[in-house]
Every structure is written in C-alpha cells, then in structure tokens.
Participant: 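Below are the structure tokens for one structure; questions will follow.
The sequence lines fix the lettering, A, B, ..., with proteins before strands; numbering per chain opens at 1.
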Amino acid sequence: MTTAVGQSVSRKDGIGKATGATKYADDLHFPGMLFGRTIRSTIPCGRVKSIRMDFDTSGFTIVDYRDIPHRNVVALIDEDQPYLVETEVRHMAEAIVLLAHEDREKLLGANVVIEYEEAEPVFDPERSPHSFKDITIEKGDVEDALASAEIVVEGTYRTGHQEHVYIETNGVIAVPEHGGIALYGSLQCPFYAYKALRSVLGNDHPLRVIQTETGGGFGGKEEYPSMIAGHAALLAVKSGRPVKIIYDRVEDMVATTKRHPSIVRHRTGLTREGRLVAMDVDVILDGGAYSTLSAVVLSRGCIHAAGPYRCDNVKIFGRAMFTNTPPNGAFRGFGAPQTEFAMEVHMERIAEQLGMDSLTLREMNALRPGDMTATSQVLKQDASALECLQEAVRRTDYRRKREELKGTNRGIGLALFYHGAGFTGAGEQRLASKARLDLTATGARIMVASTEIGQGTRTMHAQIVSDALGVPYETIEVAQPDTSVVADSGPTVASRTCMVVGKILERCALEMKERLEGMTPAQYHAKHGAFSIVKEHIQPEWMRWDDDNYQGDAYATYAWGCDVAEVEIDRDTYEVRPVKVTAVQEFGRPIHPALAMGQIEGGTVQGLGYALLEHVVMKNGAMANPTLTNYTIPTTLDTPELDIVMLENHYDGGPFGAKGLGELPMDGPAPAVVNAIRHLGLDLRDIPAIPETLIACASL
Amino acid sequence: MRFTLNGVATDVAAHPMKRLLDVLREECGLTGTKEGCGEGECGACTVLVDGVTVCSCIVPFGQAQDADVVTIEGLGNAHGLQQAFMDEVGAQCGICTPGMVVAASVLNEDPSLEEIRVGLAGNLCRCTGYAAIYRAILSSARAGKA
Ligand code: FES
Ligand code: FES
C-alpha cells in the first residue's frame, strides 16, 4: 500500500514560486558584489592578433586566459574546449576576455578592441572534414537484405537547431569563502560544475557548488553552466569579491548551446505486405565547434534511430560533425527527437509507397515484449508500443477522422515513439551514483545532488522515501543541492532522476526502516540520535552492454508514446496551426500524477514549437534572430487543446514501478505534426514547418 | 520621484529612464518581479500600473510618476490563486509564475477558457504548456464562487 506515491500530494516547493518569495540566482545579492561581463569573438574562425582595453580600466577586474591558475579546459568528455580563447577562435561568441565592475553602466560601456586574423569557416556539417565521433550499430546483413527486399524506400529528413528558452537565462554568482569559492547558480548538475571548477582553479582550495532555484533547464543547464561558473570564479578569485554573471536573453541565445541540427537518411527494405526486412540509417549531427556532449547525444540518437520497430537487419551509422558554430548540446530528448522524427515521417512515406494504411504498417512492425531492438536488446513485458498506438487510435477515432478530413484544410497525423531511461549502456554503472538519507528528529532528510528545475524532483523523491520508510510525506525534508553536503547522485538529465536516483533513495529508506526497528524516526532519534544511510546505484544484473559494437541492453527500460496531431492550414499564407494533440504515454507508474501530466503537457508543447515555430536563423556562424521577438516559442494562443493519457506498465527495477518520463514527450509531436501536414497533401520532410518551407514543398 | 507601490506612498530617487523593473528589483528590493527577455515579449516582469498589466522591463521609471504600481508582492488578495498555481502545477520552475499570477489577477472573476488564453497571451511559459495554468485559474475561480 502506498499513501504518498500515486497521489498528487502538496509539493515541496512551497508557495514561494507563486508569491515571488522564491529566490533565483539574479535575486541574490552579496556584500561587495561585482557584476561580470564576457567579451566574445566576433568572427567564426581565425586567430586573435591583439587585444586592447579601450577604456579607463580603474575599478575593473580584467581576466584573460593567462589568469587561469590551473587548466584552461572545461572538463567534460573530450576536454577540447577552453574557458577563454588563447589564440585560436573556433566560433562566434567564444569567450576571450572577462570584465567585472561594481557599476553595471560602466561595465557595459567598456570597449575591448580585438583584432583577428580570419580563416575560412566550415558551416555545413556534410562538408566538414572532422567528425567528433562515429558510431556504427550493426545487426544482421543489411546490404544482403536490401538487395533481396521486394520494396526499397529511401528518404532524407532534416531538423533545425532548437533553442531551450528557459525563461530564466543562465546565471551564477561566485563568492570567495574560506580561501576558496562558493558557486551559486542556475544549473542542473552541481557536480559537473564542481568538476569543471576543479579543472580551472586546481585542487588547492575549498570549493562548493550550490544550486539556486532554477527557472527551467531542459538540458540547457546541463553542461553550459560549467563554462559560466568558471568565468565567474576566475573573476572572483582575481578580484577577491563576489561576482555575479547573468546573461541577457540575446547573449544566452547567441552564446549557449542548442539542440543539434540533423540530417538523417533512410534506406528501408520491406516485403510487399509491409514487413521491415532491412533498415539502413545514416545520421549526421551538427556538433558545433567543440565536442562537449555531442558524442553521447549522437549515441542516444543512433540507438533510437530505427524507431520502436523490429527488423532483423539494421545498420545505423552516425557522425557528429565539427562546424564553426557555437557548440550544440543537451536538450530534452538528447538526439532521439531528431532521429525518431526521421523514422516516423519515413514510416508514413513507406505506407504511401506501399499504398497501405500507415497504422497497419506500424502495428505490423511495432516492437512487442520479447522482440529485439536495433542493439539486439530483448524487450521485457514492460514494452507498450502497441498499447499506446491502439489507445491513441481509439481515443481519436483516427481512421474515421483521417477519411473525413481528406481534402479539407485540416489534417491528422500520428507518431509512435519510445525513449530509453537513464544513461546509455554501462553509463549508469560507470556513474555509480550515490544517494543519502539522514534521519532527523521528526522524519528524514533527502541529501542528493539531483536538482529541482520545475519537474518535481523534490516532491517525487520525498513521496518515494515516505512510502518506503512508512512515515508521513510531510516529515520528509529535501536538502537544497550543495556539493559540500549532499551525495553525488549524478546529473539531473536523461530521465534518470526518478527511475535511477529514486530507486537508490527507496533502498536507503528501506534500510533506514530496518534500523528503526519499529520505532518512529522521532522515537529513534530521541533515543539514539541521528544517522545516515548512503547507497550506490546497482545495475540490474541482467544488463549486458558492448560499448565497442553498440550491442546489448542499451537501457534498463523504455517509456513509450503515441501522439496524434490535428492541424489546420491557411492555404494562402501556408501557416499551420495545431488544433488538438492527443498524447498517450506509458512510463511505468506516475509517482505524482499532476507533475507527470505537467511533464507531458510541457514537453508536448515544446515539441509543437520545434515542429512549427522555432526557427534559428544562422548567419555567418551565429544565431541572427536571438530575441524572443524573432525566435518565437508557443504562446497560449499557439497552444492547442491537449488530451493526455497516462498508461501504466510497471518497470520492476524502478521505484514503485516508475520509469523515466522527462524526455519522452519531446519525441512525438514533431513527426505527428509533419505527418498531419502530409495528410494535407504537402510532401514535407523537414522542420521547422514554417510557411517558407511549406511553400517550397511539392504536392503529394 | 513619488508613486504608490503596493498601496504605500513611496519616494525613490532613480533616473527617470531607468527601467521600472530595475527600480522595483534593485531600489525597492522587490525581486518577485522577474526578467525573462528585457524586450517586452515574455511577461515575466508583468506588474500592474494603474490597474493595467504592463511589462515593467520596457517602462521607464519616469512613466510611473504618481502612478499606482502593484507587484506580485502587493497582490494581497490573490492567495487562493497562488495556492492554486502550486496545487494544479501551474507553476513548474516558477520563473514565469509571478508574472502569470499578476496577469491572471486582473481577469474577470469567472473567466472562460478563451478569456484566460487571450488574457495570458503576453506571458510565456516554457515548462507547462499552459494547460495546468488554465486549470489553476479555473479552479481558483470556482473556489471563489463557492
Ligand atoms: S522581461 Fe519584460 S517582457 Fe520579458
Ligand atoms: S513554470 Fe517554468 S516558465 Fe513557466
């Protein structure tokens, strides 16, 4: 029996978010605080020849790469990105010099003159001479199977950049303390920032990272905060004073990461009845100028590239290419929205070419329990592709609607998708996340680095602990992540916070319960005092993963979804408006149904923006429309009616049966919308589906 | 310069071209009003000036002279609405929420869904997809009637 799990209990956030009392990074002030500013490159490729301070420098703190006490690299995977340019410039808006001053007017007025020697940039990922990472997934014999296939369908699909547009821009404050630095910031991964600060500052000084209330992340505050944290820390070390850096919207859009643009090519062999016999997929991601997380984004993208379908002969070849543009990075879905977009639009085209109903095609090929994925993972009973598809079709009366709308200005389309929860392959094992639970005088306190960024981490973790420990939800506290006190539960990414960290907390709570020997926390505490339980992630013992060949159990489990989009087109302006979206999603068990609903609704609307509105215009290697006036995200008026259905199919390895949910909703809307536009008779294969793109589409 | 801030006559010495947003946050210490874009697009900085919603990031302080300014901190009667935003998860990350609540506070007492959508069209939320915000406002209106 659970009393907290499965209920939409009152959230741990308190009322402050709604009264304005909650403090975000920019709301904090420290005595003697300076403001920091970043001077950035204005060319996409070349070398710095000279730097001149063309202002009265009194009262300024000025930092360039020579001030870095330890290593000039942002510690992440490949360690190729510097905090500050030494001579080589690889992209627009690359940080070169840092300034700090207590007067913001003076700071903004400071003019730094930089002379460059320009070189020829590469902007086209297909022409780039350099790949950060190649991945090949191979099962069976694709060439053979293609040669003998009755039908072969080919197609190329493209997706653009997407900007996160968390409403709170990136911001941090570095505060000198005890001879070291305390870094307060809007971020998803306190220990990433910690590790990055160790790289730039060295190991000699005390250091801690404290997450401030964070106004949205969506992946955009996974790796970039390590950069801005390093900058603020360098200024704070040099000035000996607290330094706050808050980006304005333009700087945030021009300089920070975005979703990787993609080009995905499919060559698919089928029998005449529509059975998949061969899938050859080529994936290109535009990585930008430094590797950052591109290798892992590519990995997840490739693993999801064959979609939720079974096929014995699969070859997926992926590359993340260098270009002279700001590095692209983590964004909700992490490569999967791109490749699943291509797969689902391709499925629609396959059905068109076979002259068959695309629902039947999907039904025939959808992965079922016992089937094998592209990486040869055998799915367990918690695979729900068919259930999602059938429920979405039933609920929307899809077949009838599709007939009925034919030839009108309304179209309806569908997408079937799935999303692996947690880090890929052996990733969770390597990460070896820890969680800690402290007994308090009244209950227990959760001590993890997993961040609340709006998705409900605090509340959902407290629900899990409450039920596992068997104490009232109200008696569970959640510590604000501070690397000096909490356990390193890993980054808040990859739909892992509930499934992976929640599970470790559940185990902590069960052990604590045993130690209490029937006493309440208060009784035990009064008698024996406090104690802590620390536990580490345990990889399910059945999981096998071969990282060299990309074969095996890529994820402990998958969440599944089917979206149906109904859209309306204005045949004069080519504007497409979503009318209604139905999202059927299965993610194990919802711990907090109202928060889970919020993840699906919010992710679905981000997906609609990705499909229809969000167009990053790149000129000379930089975003040319870096404002919310010119880069539009869905407003209330752009957002259609949403019908959300949560199906349950418990995952035994998750806390109370839960899987991961955060990213799943992002995968479906774009292909569902584009398939609805295809239903309107336009041969669309790219997003965003802005009028300029639609006008150029051939009629079907 | 004098103006009424959350019902209290207030005197602030600030440049008339300073953004009202900065005056509120920095001179008056009211950090409930947020900045999301600085160009009048996102509504995170929404306050009431003489009862009308404005984006305080594009209003020069000079224009607030003698005006009646209400910020999220001054919405004394909006508790039900605020609680509903938390209960219905109309606030996820919460950074848009003060602006949303201020904008919602001047909707009529029993708004239709369409009135809510139009009334909040100037307030961006990247987290919720808006549906839970509608639920919050509708449930608070229902509670008000009951
Ligand atoms: S900050 Fe004022 S409208 Fe965005
Ligand atoms: S709740 Fe995060 S922007 Fe609205």
Side-chain angles (χ1 to χ4, degrees), chain A residues 8 10-11 13-24 26-29 164-169 213-218 246 248-250 452-456 592 594-595 597-606 608-609 627-629 632-639 641-642 644 665, chain B residues 22 25-26 29-44 71-75 78-79 81-102 113 116-136:
Chain A
S8 293
S10 140
R11 291 152 69 202
D13 308 62
I15 190 78
K17 284 178 173 175
T19 61
T22 298
K23 300 272 188 238
Y24 298 78
D26 198 22
D27 303 334
L28 299 177
H29 185 86
H164 304 87
V165 195
Y166 26 64
I167 300 296
E168 180 205 28
T169 54
E213 196 71 43
T214 297
F218 318 116
I246 306 283
D248 67 18
R249 182 58 64 184
V250 172
E452 166 77 47
I453 55 174
Q455 82 286 47
H592 188 292
L595 281 166
M597 178 81 99
Q599 285 302 293
I600 303 175
E601 289 169 338
T604 300
V605 173
Q606 274 179 9
L608 290 174
T627 62
L628 291 181
T629 312
T632 50
I633 63 168
T635 67
T636 53
L637 301 179
D638 304 306
T639 302
E641 182 192 344
L642 304 172
I644 309 294
Chain B
D22 296 332
R25 289 178 53 86
E26 290 162 15
L30 298 179
T31 55
T33 306
K34 308 298 181 192
E35 172 163 4
C37 69
E39 50 161 354
E41 283 293 335
C42 75
T71 69
I72 183 73
E73 290 89 349
L75 281 189
H79 184 75
L81 188 59
Q82 288 162 334
Q83 191 59 50
F85 263 80
M86 297 315 295
D87 292 345
E88 300 288 340
V89 198
Q92 282 190 29
C93 80
I95 197 77
C96 72
T97 311
M100 285 285 179
V101 170
V102 170
L113 184 58
I116 299 174
R117 288 180 76 209
V118 172
L120 300 184
N123 291 72
L124 294 177
C125 176
R126 189 58 152 171
C127 296
T128 62
Y130 304 106
I133 292 175
Y134 306 154
R135 289 195 287 273

Participant: Just so I understand: if I count every heavy-atom pair under 4.5 Å between each of Cys37(B), Gly29(B), Ala84(B) and chain A, which residue has the most?
Facilitator: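 Going by pairs under 4.5 Å, I would pick Cys37(B).
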
Participant: Name the region of Ala594(A), side chain, backbone, both or neither, that has any atom closer than 4.5 Å to a heavy atom of chain B.
Facilitator: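 Both backbone and side chain.
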
Participant: List the atom of Phe85(B), the atom of Ala18(A), and the distance in Å for their closest heavy-atom pair.
Facilitator: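 Of all heavy-atom pairs spanning Phe85(B) and Ala18(A), the closest is CB-CB, 4.4 Å.
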
Participant: If we define contacts as heavy-atom pairs under 4.5 Å, which of Val605(A), Ile246(A), Thr639(A) has the most with chain B?
Facilitator: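 Of the candidates given, the most pairs with chain B belong to Thr639(A).
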
Participant: Counting distance only, does the side-chain N/O of Arg126(B) pair as donor-acceptor with the main-chain N or O of Gly216(A) below 3.5 Å?
Facilitator: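 Flag not set: sc Arg126(B) to bb Gly216(A) has no pair under 3.5 Å.
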
Participant: Looking only at heavy atoms, what is the nearest atom pair of Leu642(A) and Ala131(B), with distance?
Facilitator: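 Looking at all heavy atoms of both residues, the shortest contact is CD1-CB, 4.5 Å.
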
Participant: Going by heavy atoms in the side chains, are Tyr166(A) and Ile95(B) under 4.5 Å from each other?
Facilitator: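 Tyr166(A) vs Ile95(B): side chains apart.
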
Participant: For the residue pair Cys127(B) and Phe218(A), what are the closest heavy atoms and their distance?
Facilitator: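 Shortest heavy-atom contact: SG-CZ, 3.6 Å.
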
Participant: To the nearest 0.5 angstrom, please state how far the CD atom of Glu35(B) sits from the CD1 atom of Ile167(A).
Facilitator: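 Separation between the atoms: 12.0 Å.
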
Participant: Within this structure, what is the SG-NZ distance for the pair Cys93(B) and Lys17(A), rounded to the nearest 0.5 Å?
Facilitator: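 Reported value, rounded in 0.5 Å steps: 6.5 Å.
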
Participant: Between the side chains of Thr128(B) and Glu601(A), does any donor sit under 3.5 Å from an acceptor?
Facilitator: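 No.
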
Participant: Taking Gly602(A), Ala21(A), Gly456(A) one by one, which has the highest count of heavy-atom pairs under 4.5 Å against chain B?
Facilitator: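 Looking at each option in turn, the highest pair count goes to Gly602(A).
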
Participant: Please flag which part of Ile453(A) lies under 4.5 Å from any non-hydrogen atom of chain B: side chain, backbone, both or neither.
Facilitator: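 It is the backbone, since no side chain atom gets that close.
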
Participant: Side chain from CB out, backbone as N, CA, C, O: work out which of these in Thr604(A) comes under 4.5 Å of a heavy atom of chain B, or both, or neither.
Facilitator: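 For Thr604(A), neither part sits under 4.5 Å from chain B.
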
Participant: What part of Ala44(B) is in contact with chain A, defined as an atom under 4.5 angstrom from a non-hydrogen atom: side chain, backbone, both or neither?
Facilitator: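 It is the side chain, since no backbone atom gets that close.
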
Participant: Rounded to the nearest 0.5 Å, what separation is found between the CD1 atom of Ile15(A) and the CD atom of Gln83(B)?
Facilitator: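 Result: 4.0 Å between the selected atoms.
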
Participant: In terms of side-chain heavy atoms, does Thr19(A) have a donor or acceptor partner in Gln82(B) at a distance below 3.5 Å?
Facilitator: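 Thr19(A) vs Gln82(B): no donor-acceptor pair found between side chains.
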
Participant: Step by step, would you call Met597(A) with Arg135(B) a side chain to side chain contact (heavy atoms under 4.5 Å, CB included)?
Facilitator: CA-CA 12 Å; Met597(A) 178 81 99; Arg135(B) 289 195 287 273; 3.6 Å; yes

Participant: Any sub-3.5 Å donor-acceptor pair from Glu168(A)'s side-chain atoms to Gly36(B)'s backbone N or O?
Facilitator: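 No, Glu168(A) side chain to Gly36(B) backbone: no donor-acceptor pair under 3.5 Å.
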
Participant: Give a yes or no on whether a salt bridge exists between Asp27(A) and Arg25(B), defined as a side-chain N under 4.0 angstrom from a carboxylate O.
Facilitator: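 Arg25(B) and Asp27(A): salt-bridged.
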
Participant: So, for Lys34(B) and Thr22(A), which heavy atoms are closest and what is the spacing to 0.1 Å?
Facilitator: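 Residues Lys34(B) and Thr22(A), closest heavy atoms: NZ-O, 3.5 Å.
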
Participant: Return the option, out of Gly32(B), Gly129(B), Ala132(B), Gly40(B), with the maximum number of heavy-atom pairs under 4.5 Å with chain A.
Facilitator: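 Heavy-atom pairs under 4.5 Å are most numerous for Gly129(B).
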
Participant: Which distance, rounded to the nearest 0.5 Å, do you find between the CG of Asp638(A) and the OH of Tyr130(B)?
Facilitator: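 So the CG of Asp638(A) and the OH of Tyr130(B) are separated by 7.5 Å.
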
Participant: Which distance, rounded to the nearest 0.5 Å, do you find between the CD of Glu39(B) and the OG1 of Thr629(A)?
Facilitator: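 Answer for the CD-OG1 pair, Glu39(B) versus Thr629(A), is 3.5 Å.
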
Participant: Measuring heavy-atom distances to chain A, does Glu26(B) have an atom under 4.5 Å in its side chain, in its backbone, in both, or in neither?
Facilitator: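 Side chain only.
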
Participant: If I take atom CZ from residue Arg117(B) and atom OG1 from residue Thr635(A), how far apart are they, to the nearest 0.5 angstrom?
Facilitator: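 Between atom CZ of Arg117(B) and atom OG1 of Thr635(A) there are 8.0 Å.
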
Participant: Given a strict heavy-atom distance threshold of 4.5 Å, which part of His29(A) is in contact with chain B: side chain, backbone, both, or neither?
Facilitator: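 Contact with chain B: none, neither part.
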
Participant: Does the Arg11(A) side chain pair with the main chain of Met86(B), one donor and one acceptor, at a distance under 3.5 Å?
Facilitator: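 Yes, because the side chain of Arg11(A) sits within donor-acceptor range (under 3.5 Å) of the backbone of Met86(B).
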
Participant: Go through the atoms of Gln599(A) and report whether side chain, backbone, both or neither lie under 4.5 Å from a heavy atom of chain B.
Facilitator: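 Contact with chain B involves both backbone and side-chain atoms of Gln599(A).
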
